Peer 1: 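This is the structure I want to talk about, given as structure tokens.
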Amino acid sequence: MSTAFYSHSDCRRHDMGRGHPECPQRLDAITDHLRATGLDIALDMRDAPAVALSDVELAHGSRYVAELKHFLEAVRASGEPRAIDPDTTACPDTWQAVLRAAGAAVAATDAVIDGDIDSAFCAVRPPGHHATRDQAMGFCFFNNVAIAARHALDVRGLQRVAIVDFDVHHGNGTEDIIAGDERVLMVSIFQDQLYPFSGNVPLAGNMLNVPVPAYTKGGEIREIVDQQWLPLLEKFRPQMLFISAGFDAHRDDDLGRLGLVEADYEWITRRLVDVAKRHANGRIVSCLEGGYNLGALARSAAAHVRVLAGV
Ligand SMILES: [Zn+2]
């Protein structure tokens with residue numbers, strides 16, 4: 001199996017200010033850990049290209065895309081950071097990071113569909129799963145996974161893709177974009193009564209949302225994966241899997257109150273790889289979402305990538 005690791009130095013330059021949990025050091029922690037453990041040698045390390053706005057517009061409204069571009073270019077010209085949402089701040093380098101983050105997801109999708117690689121992990125920021133069709137929020141500007149999934153369907157001609165989201169927060173943006181698109185099945189798990197306080201009532205039938213109470217541990221989450229996610233995924237027979245890989249459901253992460261550990265991420269990833277092997281020629285593109293305890297993030301991402309790469 002060949003697995004690519006997409007990232008770009010521009011993703012590191014996006015900075016939401018001192019003390020913000022979604023910080024550039026998150027990417028350093030992941031790449032440092034990959035190097036320290038020798039896992040980088042097993043991966044095809046690639047630089048992410050900038051996304052084409054025509055791809056972005058498969059998931060976002062063209063007016064939103066134009067307004068965000070205008071806003072972020074104005075921030076770049078001013079040289080001063082500016083908030084776009086109470087949690088989300090743009091800095092002069094944000095536009096380039098946003099383009100590379102979505103570009104990684106699309107390039108990885110093309111490489112996997114072309115058979116150039118089997119799977120990919122995109123270590124990118126800003127994350128994407130809170131970005132709705134027409135709104136930036138929750139540290140997110142463009143919805144990287146939704147853009148890549150639509151690219152696989154609309155540009156590359158796949159007929160069915162699945163999006164799996166195990167971030168501690170509900171992927172409201174992805175849900176907003178793909179609700180009612182029967183070519184996409186979304187399955188997710190997230191902490192109930194946590195930001196963005198949505199997901200209890202799914203917007204459409206093409207998604208399974210499983211809110212779980214605070215302090216739920218890995219054993220119970222594995223049961224949900226086996227009893228609720230897998231039967232739906234098996235029935236849907238996705239031709240490709242996209243993963244919104246947030247690692248903030250880790251027990252050491254302060255942004256949520258769930259109890260996953262590295263072994264749980266490894267186990268969940270193995271289940272997803274099995275689904276992909278059965279139905280999708282092993283095709284998986286996974287994109288980093290949350291994960292704010294740097295040590296837990298680095299170890300959990302490595303556990304995830306190790307299973308993707310089969311090493
Ligand atoms: Zn999150």
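Values reported hereafter were calculated over all heavy atoms of this structure, with side chains retained and with hydrogens, waters and symmetry mates removed. No experiment lies behind these values; they were computed from the predicted model shown. Note that ligands are numbered from 1 as they come in the structure, with each ligand's atoms numbered from 1 the same way.
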Peer 1: Do Asp154 and Arg183 meet the salt-bridge criterion of a basic N to acidic O distance under 4.0 Å?
Peer 2: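 Salt bridge between Arg183 and Asp154, a charged N being under 4.0 Å from a carboxylate O: yes.
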Peer 1: Working note: Leu258 + Phe190, criterion side-chain contact (heavy atoms from CB on, under 4.5 Å); need CA distance, chi angles, decisive distance, verdict.
Peer 2: CA-CA 9 Å; Leu258 294 188; Phe190 51 88; over 6 Å; no
Peer 1: When you measure from the Zn ion (ligand 1) to the N, O or S atoms of His129, does any of those distances fall below 2.8 Å?
Peer 2: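 For His129, the answer is no, given that no N, O or S atom comes within less than 2.8 Å of the Zn ion (ligand 1).
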Peer 1: side-chain hydrogen bond (donor to acceptor under 3.5 Å, both in side chains) with Glu67: which of Lys69, His70, Arg63?
Peer 2: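 Of all the options given, the one that passes is Arg63.
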Peer 1: Taking 2.8 Å as the cut-off, does Asp167 contribute an N, O or S atom near the Zn ion (ligand 1), distance below it?
Peer 2: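 Yes.
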Peer 1: Take the angle between the ring planes of Phe5 and Phe121 and call it parallel below 30°, perpendicular above 60°, tilted in between.
Peer 2: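 Phe5 vs Phe121 ring planes: tilted.
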Peer 1: Hey, which N, O or S atom on Asp248 ends up closest to the Zn ion (ligand 1)?
Peer 2: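 Nearest to the Zn ion (ligand 1) within Asp248's N, O and S set: OD2.
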Peer 1: Only N/O/S atoms count here: what is the atom of His169 closest to the Zn ion (ligand 1) called?
Peer 2: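 Distance check against the Zn ion (ligand 1) picks out ND1 in His169.
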